[in-house]
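Within every chain, numbering begins at 1; the chains are lettered A, B, ... in the order of the sequence lines, protein sequences first and strands thereafter.
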Protein chains: 2
Amino acid sequence: MSARTPDTARDIPEATVARLPVYLRALIVLADAGTATCSSEELAAAAGVNSAKLRKDLSYLGSYGTRGVGYDVEYLRYQIAREIGVTQDWPVVIVGIGNLGHALANYSGFRSRGFRVVALLDADPARHEEVVAGLDVRSFDDLEGIVEEHDVSIGVIATPAVAAQDVADRMVAAGITSVLNFAPIVLSVPEGVDVRKVDLSIELQILAYHEQRKAVTARAEDAS
Amino acid sequence: MSARTPDTARDIPEATVARLPVYLRALIVLADAGTATCSSEELAAAAGVNSAKLRKDLSYLGSYGTRGVGYDVEYLRYQIAREIGVTQDWPVVIVGIGNLGHALANYSGFRSRGFRVVALLDADPARHEEVVAGLDVRSFDDLEGIVEEHDVSIGVIATPAVAAQDVADRMVAAGITSVLNFAPIVLSVPEGVDVRKVDLSIELQILAYHEQRKAVTARAEDAS
DNA sequence: CTCGTTTTGTTCTCGCGTTCACAAACTCCT
DNA sequence: AGGAGTTTGTGAACGCGAGAACAAAACGAG
């Protein structure tokens, strides 16, 4: 076995992985528009990146294009989907059914991309009456049973910051190994568990920084 | 004028800018806990980064620490807030009051970080009856008036993908120069306008990729 | 079959960001 | 006052990712 690493086991740079879903989306748009073939230039424009970067990214997956012609939209779409793993069905639990949890539960983009929300959990018993997006809101104590029953490996945390670490600990203990965290707090998890953070106010603060600089430099130019 | 660039006009690397809000949040937690002083090691742990990186990041702002002692929590907090621009009040409009728009309008994290939602807009007249987070949902046609009245420079797009480019165009025409986009589409805007994108399903797809690889490598180790 | 055109896949170079390591600066204790 | 112990700020080395540029491959026309 001194040969190549087989199949999907190659090493794809993190920056490329983050862009593959963008390419996938662009390909779906092209496919829906009836396009059968596209060049790296077209696809790059649709995805908002440079064409050289696109080609390099795709080359990590393999040689799926044809020189002089371009890429077969359906074929490339399937290959990227397979590489990311969205050809299969990923069960997901959402914990914390406040405003954001509601929005996430109803978000159609999950379903259409291979993610299936199997349960909505909340610690507050007052919420257990509710039905959101066709699912009962259940007690947080049901977590372990649900994870086992549906073989869930991805959890979404949409609780307030104070509860987030506890939720994460329980998730990890129950067997979840990937966490998408919307709470504004840095989670600590054991090795082998992936956490991605989405922080709405941080994005706004980054915009504010640049906005402030625009104002400063504009004033400086006025003065000169 | 061969001297230094004055005051806040230094050049802060983009990667550092993205971390400053994280440090700011960590400092607020420390301040609330009554901590007066902290070392780079402590703050780095609270922010989830390496201490050398933290020190280098802070050094771009200036020399706000004391060797042998550490950083004054309140002082550093103010300096970072000033650098980002969140000591002032940023008016924000949100367009698209569906599930996500609701969640954003009610998100307390904006208000507490110097952002004030001044208007909620939606193209659907059926929604104009509603009151969300204490604000009337208004017609999208009111955009220009609101931007002018409140001097808004930041807009949030929480519409479906098909509407997003139109909304962005109208925002830019009305004078908005920073856009936070939640719609799953690549926006094209003129030079000088900043766009940041938050895509919920992309984050999940990145997790799925790594999850899939965990499964593959685990099986490979079992076999060996 | 050959030549010109198109477009991919890849090599190379450059710049940015991360990390290490250490000198400079400050505090505290004796 | 002086020395030991901390902790910051930064210079230098390193690695990764972006973009330019080009060679290899496919297609089509004559």
[X]: partners by salt bridge (charged side-chain N to carboxylate O under 4.0 Å, His left out), with sequence neighbours left out:
X	answer
A/Arg116	A/Asp89
B/Arg196	A/Glu203
B/Glu14	none

Under the ring pair (Phe, Tyr, Trp, His ring centres under 6.0 Å) test, residues paired with B/Tyr75 that sit two or more places apart
B/Tyr64
Using whole Å, report how far [atom1] of [X] lies from [atom2] of [N].
X	N	atom1	atom2	result
B/Leu76	D/dT7	CG	P	16 Å
B/Leu54	D/dG9	CG	P	10 Å
B/Leu61	D/dG9	CG	P	10 Å

Under the side chain to side chain contact (heavy atoms under 4.5 Å, CB included) test, residues paired with A/Ala15 that sit two or more places apart
A/Arg19
Under a 4.0 Å heavy-atom cutoff, the residues of residues 34-46 of chain B touching DNA chain D are B/Ser39, B/Ser40
Going by atom type alone, with no hydrogens or angles, which donor-acceptor pairs under 3.5 Å involve a side-chain atom of residues 96-108 of chain B and a protein atom two or more places apart or on another chain?
{"unit_1": "B/His102", "atom_1": "ND1", "unit_2": "B/Gly98", "atom_2": "O", "d": "3.2"}
{"unit_1": "B/Asn106", "atom_1": "ND2", "unit_2": "B/His102", "atom_2": "O", "d": "3.1"}

Would you say the side-chain atoms of B/Lys214 pair up with the backbone N or O of A/Gly192, donor to acceptor, closer than 3.5 Å?
yes
Considering only heavy atoms of chain A and a distance under 4.0 Å, specify the first and last nucleotide of DNA chain C in 5' to 3' order that meet this criterion.
C/dT6 to C/dC12
With sequence neighbours left out, the residues meeting side chain to side chain donor-acceptor pair (under 3.5 Å) with B/Asp169 are B/Gln165
Partners passing side chain to side chain donor-acceptor pair (under 3.5 Å) against B/Ser153 (at least two apart in sequence or in another chain):
none
B/S/- contact track for nucleotides 12-20 of chain D, protein heavy atom under 4.0 Å
B----SBBB
Got a list of side-chain donor-acceptor pairs under 3.5 Å for residues 36-49 of chain A, not counting sequence neighbours?
{"unit_1": "A/Ser39", "atom_1": "OG", "unit_2": "A/Glu41", "atom_2": "N", "d": "3.4"}
{"unit_1": "A/Ser39", "atom_1": "OG", "unit_2": "A/Glu42", "atom_2": "N", "d": "3.2"}
{"unit_1": "A/Ser39", "atom_1": "OG", "unit_2": "A/Glu42", "atom_2": "OE2", "d": "3.4"}
{"unit_1": "A/Ser40", "atom_1": "OG", "unit_2": "A/Arg55", "atom_2": "NH1", "d": "3.0"}
{"unit_1": "A/Glu42", "atom_1": "OE2", "unit_2": "A/Ser39", "atom_2": "N", "d": "3.1"}

I want to confirm an ordering. Mapping A/Arg55 and B/Gly70 to their closest nucleotides on DNA chain D, which one lands closer to the 5' end?
B/Gly70
